[in-house]
Amino acid sequence: MFARILFSSLLALSCSPVFATDYQVGELQIGTPWSRALPPNAPAGAVYFNVKNNSRTEDRLIGAATPSAAKTELHTHAKVGEVIRMQRIDSLAIPAGTEVKLAPGGHHVMYFGLKSPLPVGSRFPLTLEFEKAGKVEVEVEVRSDAPASEGQAHH
């Protein structure tokens, strides 16, 4: 009886559609990459995601690239006097045993010079480069707004 239930469960899972929102490179897990839809003439946009470091050593996000834009940069928000501004950064630490969230109002990947519009529901590739874990290509979902709850798969 147990074998029949187990087989049925495995069969059902194998027939279910898979929505990839998590990616793995080395001991790093990248979850739910997304970007907001932009007007056709927008000069720049941002990509957000989470990075969980399951290793015992720190890693660093050192770069990103996409064929969908002319240029990408790592950014954060910094308070300069009384004004909060976006600021380019060279890298982002991913401490051992922690999760770093790249989110609106915080760290993010900026892209400039879109080669074509990114409507809601479309996807585009983004290659993330980590100092120790190396490179991984993720698929960024273009959304009208942030995912309902961070870390939760969305369809």
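All values reported here derive from a predicted model rather than from experimental measurement.
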Practice problem: Would you check if the side chain of D59 reaches a backbone N or O of L28 as a donor-acceptor pair within less than 3.5 Å? | Solution: no
Quiz item: Relative to each other, are the rings of Y111 and F124 parallel, tilted or perpendicular (30° and 60° limits)?
Solution: perpendicular
Quiz prompt | K132 atom NZ, neighbour heavy-atom count above 12 within 6.0 Å | solution = yes
Quiz item: Can you check whether N53 reaches V51 side chain to side chain, under 4.5 Å on heavy atoms?
Solution: no
Exercise. Locate the shortest heavy-atom distance separating K115 from A70; write the atom from each residue and the value.
Key: CE-N, 4.2 Å
Quiz prompt | Side chain proximity check, E131 to E58, heavy atoms < 4.5 angstrom | solution = no
Exercise. Answer yes if V120 and W34 sit in the same cluster of Ile, Leu, Val, Met, Phe, Trp and Tyr residues linked by side chain heavy atoms under 4.5 Å apart, and no otherwise.
Key: no
Self-check item: Test item: S35 side-chain N/O and A46 main-chain N/O as donor-acceptor pair under 3.5 Å
Solution: yes
Self-check item: Closest approach of D22 to G31 (non-hydrogen atoms, all atoms of both residues)
Solution: OD1-CA, 3.1 Å
Quiz prompt | Reported NZ-to-CD distance for the pair K52 and Q24, which is rounded to 0.5 angstrom | solution = 10.0 Å
Exercise. Taking all non-hydrogen atoms of both residues into account, name the closest pair between L61 and E129 and its distance.
Key: CD1-O, 3.4 Å
Quiz item: Out of curiosity, T72 OG1 to H75 NE2, how far, rounded to the nearest 0.5 Å?
Solution: 9.0 Å
Quiz item: Considering only heavy atoms from C-beta outward, does the side chain of V109 approach that of L74 to under 4.5 Å?
Solution: yes
Quiz item: Do E137 and Y23 come close enough that some side-chain heavy atom pair is under 4.5 Å?
Solution: no
Self-check item: Gap separating the CE atom of M86 from the NE2 atom of H107, nearest 0.5 angstrom
Solution: 14.0 Å
Quiz item: Does V142 belong to the same Ile/Leu/Val/Met/Phe/Trp/Tyr cluster as M110, with side-chain heavy atoms less than 4.5 Å apart forming each link?
Solution: no
Quiz prompt | Nearest heavy-atom neighbours spanning L38 and A44 | solution = CD1-O, 3.5 Å
Quiz item: Does some side-chain heavy atom of F49 sit less than 4.5 Å from a side-chain heavy atom of L128?
Solution: yes
Quiz prompt | Within 6.0 Å of NZ in K135, more than 12 heavy atoms from elsewhere | solution = no
Self-check item: Over all atoms of both residues, closest heavy-atom pair of E27 and S55
Solution: CB-CB, 3.5 Å
Quiz prompt | Polar side-chain atom of H77 near backbone of G106 as donor-acceptor pair, under 3.5 Å | solution = yes
Quiz item: When rounded to the nearest 0.5 angstrom, what distance separates OG1 in T32 from CG in L102?
Solution: 12.0 Å
Self-check item: Backbone N/O of P125 and side chain of T66: donor-acceptor pair under 3.5 Å
Solution: yes
Review item, side-chain donor-acceptor pairs of residues 88-97, under 3.5 Å, at least two apart:
residue	atom	partner	partner atom	Å
R88	NH1	D90	OD1	3.3
S91	OG	R60	NE	2.9
S91	OG	R60	NH2	2.9

